[in-house]
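Quick note: numbers below take in every heavy atom, side chains included, and nothing from hydrogens, waters or symmetry partners. On a predicted model such as this, the values are computed, not experimentally measured, just so you know.
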Amino acid sequence: MKWKLTRRFLGSVVTIVVIVGIVNTILLLCLIFYPNFGTEEVSAENFSRTFSQYVELQDNKPMVNEEGLEKLQDKKAWIQFLNNKGEQVAAFYTPQNLQTMYSPVEIVQMYKYKEIDAETTVFVGEAHNFSYFVGVKEQKIGRYVITYDYGKGFKNFNILLLLFLIVDIIIALVIGFLFGKRLTSPLNLLIEGIQQLRERRFKKMSIPKGVYEDVFRNMNELSVKLDQYEKERDHLDQMREEWISNVSHDMKTPLASIHGYAELIKDGATDLTPQELHEYTSIINRQSIYMKDLLDDLNLTMRLRNQQLPLQFEDVNIVGFIREMTIELLNDSSFGDRQVEFEANVDKAMHKVDKKLLKRAILNFIYNALVHNDENVVVNIQIDNIYLQGGQEQHSSSISTASEFHTQITIADNGRGIPSKDIEQVFERYYRGTNTTSTHGTGLGMAIARDIILAHNGKIDLTSVENKGTNITILL
């Protein structure tokens, strides 16, 4: 393909040069041999040949009328009349040293060459059976006599033309090759770039200056777009594979339990007591609910982590929102007698949040503090408006230090705390602390809560001291 483009370009250049050479040759020949091309020399000769119209006979002698004399003066010319013997019979404005008797050879010499002086060209004419010389004194006018052999001249002309054509073709090949290589090199790069795209290798090309600049820029933009689409497709494929793997892994235990108790019921239906039958069916029902919750939670965490869940943002006053949440929690019969304190050091804090998801995240943190500790645990929920700058109010490196106002939500308890070796795993899927006795839930609550906060462009930090309590700090 590379040499094909170069050959086509060279062929075009050579064709143009040959056509231009032929046209120039034709024009040159026309300029040389066209008889009526307007030059001063042709005009002077025509003047001399047609001067007979100003000549009259008086007493059998040629005379120039008044108009003719004016014409001679305008042309700075003179005229000399000769009879058939070469003798002068009349003259007007002739120089003093001009001879008055000519032989036939001298007449020819007078016409062919500048015999008078270097500035005077002599022309010949005839009027009333008299010959005449017209001398025009003008440096710009000249006559050149060329003697040539037609056969040899055409032969030399053909050789010269062939030489010109060969030289033109060689020049065209050299120049065409140099420019063709320069012009086709970007095309070769484009072809290589297209081949890379076909092979799914998305690499930016350097953009050359010139006519191909926009083409290369568009190629680079196309490469970037295709690279993005390829990464998105790989990401979706990875998500799908991870989803299938997680579902198949997480469903094995509850399915095995359901299958086992279903087999017991099937094989010993007549031998089971009503109490045993109720127990087994309750386990099957509980495991099926667990599978449903697990599937919902797994779907939610996958979509949150891969930013595939559209959030329904609305303006919410965080202070009132969490206050209502706390009241609702205390009205729940399961936690009505627990010690949950709410403290707001700011009257109002407006944020665009997804109320449903944010409520789930904060309630998860509160539930963990209540469920995984003793009944006498005290949970404190506090809201502040802080200004972070250069580390001020910074409790952990995971919290942003940008110079701006934040709403800080703190959920603290005085419970068992988390061992230091377990803190880094708190937000991992299926994590249950070593000091946790409850097995309620799917094990995805903390991971989902962390992902919800991150989906709101927030920051979360967890600190804990064993046997003293745990602090969870959220910045919005």
Requested in this report: Check Val319 against Ala349 and note the closest heavy-atom contact, atom names and distance.
Outcome: CG2-N, 4.1 Å
Report task. Inspect the surroundings of OH in Tyr280 and state if more than 12 heavy atoms from other residues, nucleotides or ligands are less than 6.0 Å away. Result -> yes
Query raised in the report: Run the side-chain contact (heavy atoms from CB on, under 4.5 Å) check on His278 and Gln275 step by step: do they pass?
Result: CA-CA 5 Å; His278 180 268; Gln275 183 179 358; 5.8 Å; no
Query raised in the report: Should we say atom CD of Glu343 is surrounded by more than 12 heavy atoms from elsewhere, each under 6.0 Å from it?
Result: yes
Query raised in the report: Between Glu230 and Arg233, does at least one N-O distance fall below 4.0 Å, as a salt bridge requires?
Result: yes
Requested in this report: Show your reasoning for whether side-chain contact (heavy atoms from CB on, under 4.5 Å) applies to Leu329 and Leu370.
Outcome: CA-CA 11 Å; Leu329 177 68; Leu370 294 173; 4.0 Å; yes
Query raised in the report: Measuring from Leu330:CG to Met325:CE, what's the distance to the nearest 0.5 Å?
Result: 12.5 Å
Report task. Over 60° means perpendicular and under 30° means parallel, so classify the ring planes of His456 and Phe313, tilted if in between. Result -> perpendicular
Query raised in the report: Which one of Ile386, Ile453, Asn457 satisfies the side chain to side chain contact (heavy atoms under 4.5 Å, CB included) criterion with Leu475?
Result: Ile386
Report summary line: Shortest non-hydrogen pair, Leu476 vs Gly458, comes out as CD2-CA, 4.4 Å
Query raised in the report: Step by step, would you call His351 with Val316 a side-chain contact (heavy atoms from CB on, under 4.5 Å)?
Result: CA-CA 5 Å; His351 289 274; Val316 175; over 6 Å; no
Query - Interatomic spacing from CD1 in Ile411 to CG in Asn368 - rounded to 0.5 Å - result: 9.5 Å
Requested in this report: Would you please indicate if the ring centroids of Phe123 and Phe47 are separated by under 6.0 Å?
Outcome: no
**Report entry** Between CG on residue Asn218 and CG on residue Leu222, distance to nearest 0.5 Å
**Finding:** 8.5 Å
Query raised in the report: What distance separates Asp451 CG from Ile460 CD1, expressed to the nearest 0.5 Å?
Result: 10.0 Å
Query - Separation of Ile381 CD1 from Ile366 CD1 (nearest 0.5 Å) - result: 3.5 Å
Requested in this report: Begin from the C-alpha positions of Thr121 and Glu138 and carry the test side-chain contact (heavy atoms from CB on, under 4.5 Å) through to its verdict.
Outcome: CA-CA 8 Å; Thr121 303; Glu138 178 61 57; over 6 Å; no
Query raised in the report: Do Asn285 and Thr281 have side-chain heavy atoms sitting under 4.5 Å apart?
Result: no
**Report entry** Side chain to side chain, Phe365 and Met446, heavy atoms closer than 4.5 Å
**Finding:** yes
Query raised in the report: Looking at Asn373 and Arg338, what are the two nearest heavy atoms and their distance?
Result: O-NH2, 4.1 Å
Report task. Any pair with a residue in residues 313-328 that passes side-chain hydrogen bond (donor to acceptor under 3.5 Å, both in side chains), sequence neighbours left out, goes on the list, sorted by first then second residue, please. Result -> Asp315-Lys352, Glu328-Lys359
Query raised in the report: Does any N or O in the side chain of Asp227 come within less than 3.5 Å of the main-chain N or O of Ser223, such that one atom is a donor and the other an acceptor?
Result: no
Report task. Mind checking ring pair (Phe, Tyr, Trp, His ring centres under 6.0 Å) for Tyr229 and listing every partner two or more places apart, or none if nothing turns up? Result -> none
**Report entry** Any Leu462 side-chain heavy atom under 4.5 Å of Ile418 side chain
**Finding:** yes
Report summary line: Between Asn385 and Thr407 the two heavy atoms that sit nearest each other are OD1-N, 4.3 Å
Query raised in the report: Looking only at atom types and distance, does a side-chain atom of Asp332 sit under 3.5 Å from a main-chain N or O of Ser334, one as donor and one as acceptor?
Result: yes
Query raised in the report: Is the backbone of Gly469 close enough, under 3.5 Å, to the side chain of Ser464 for a donor and an acceptor to pair up by distance?
Result: yes
Query raised in the report: More than 12 heavy atoms of other residues, nucleotides or ligands under 6.0 Å from CG of Asp347: is that the case?
Result: no
**Report entry** Within-4.5 Å side-chain heavy-atom neighbours: Asn414 and Val377
**Finding:** yes
Query raised in the report: Roughly how far apart are Ile322 CD1 and Gln382 CD, rounded to 0.5 Å?
Result: 11.5 Å
Query raised in the report: Are the side chain of Asp354 and the backbone of Gln312 linked by a donor-acceptor contact shorter than 3.5 Å?
Result: yes
Query raised in the report: Ser257 and Ile283: which non-hydrogen atoms are nearest, and at how many Å?
Result: OG-CG2, 3.9 Å
Query raised in the report: Closest heavy-atom contact between Ile284 and Ala262?
Result: CD1-N, 3.8 Å
Requested in this report: Please examine the side chains of Glu276 and Leu264, heavy atoms only from C-beta on, and report whether any two atoms are closer than 4.5 Å.
Outcome: no
Query raised in the report: Hey, does the side chain of Arg416 reach the backbone of His372 with a donor-acceptor pair shorter than 3.5 angstrom?
Result: yes
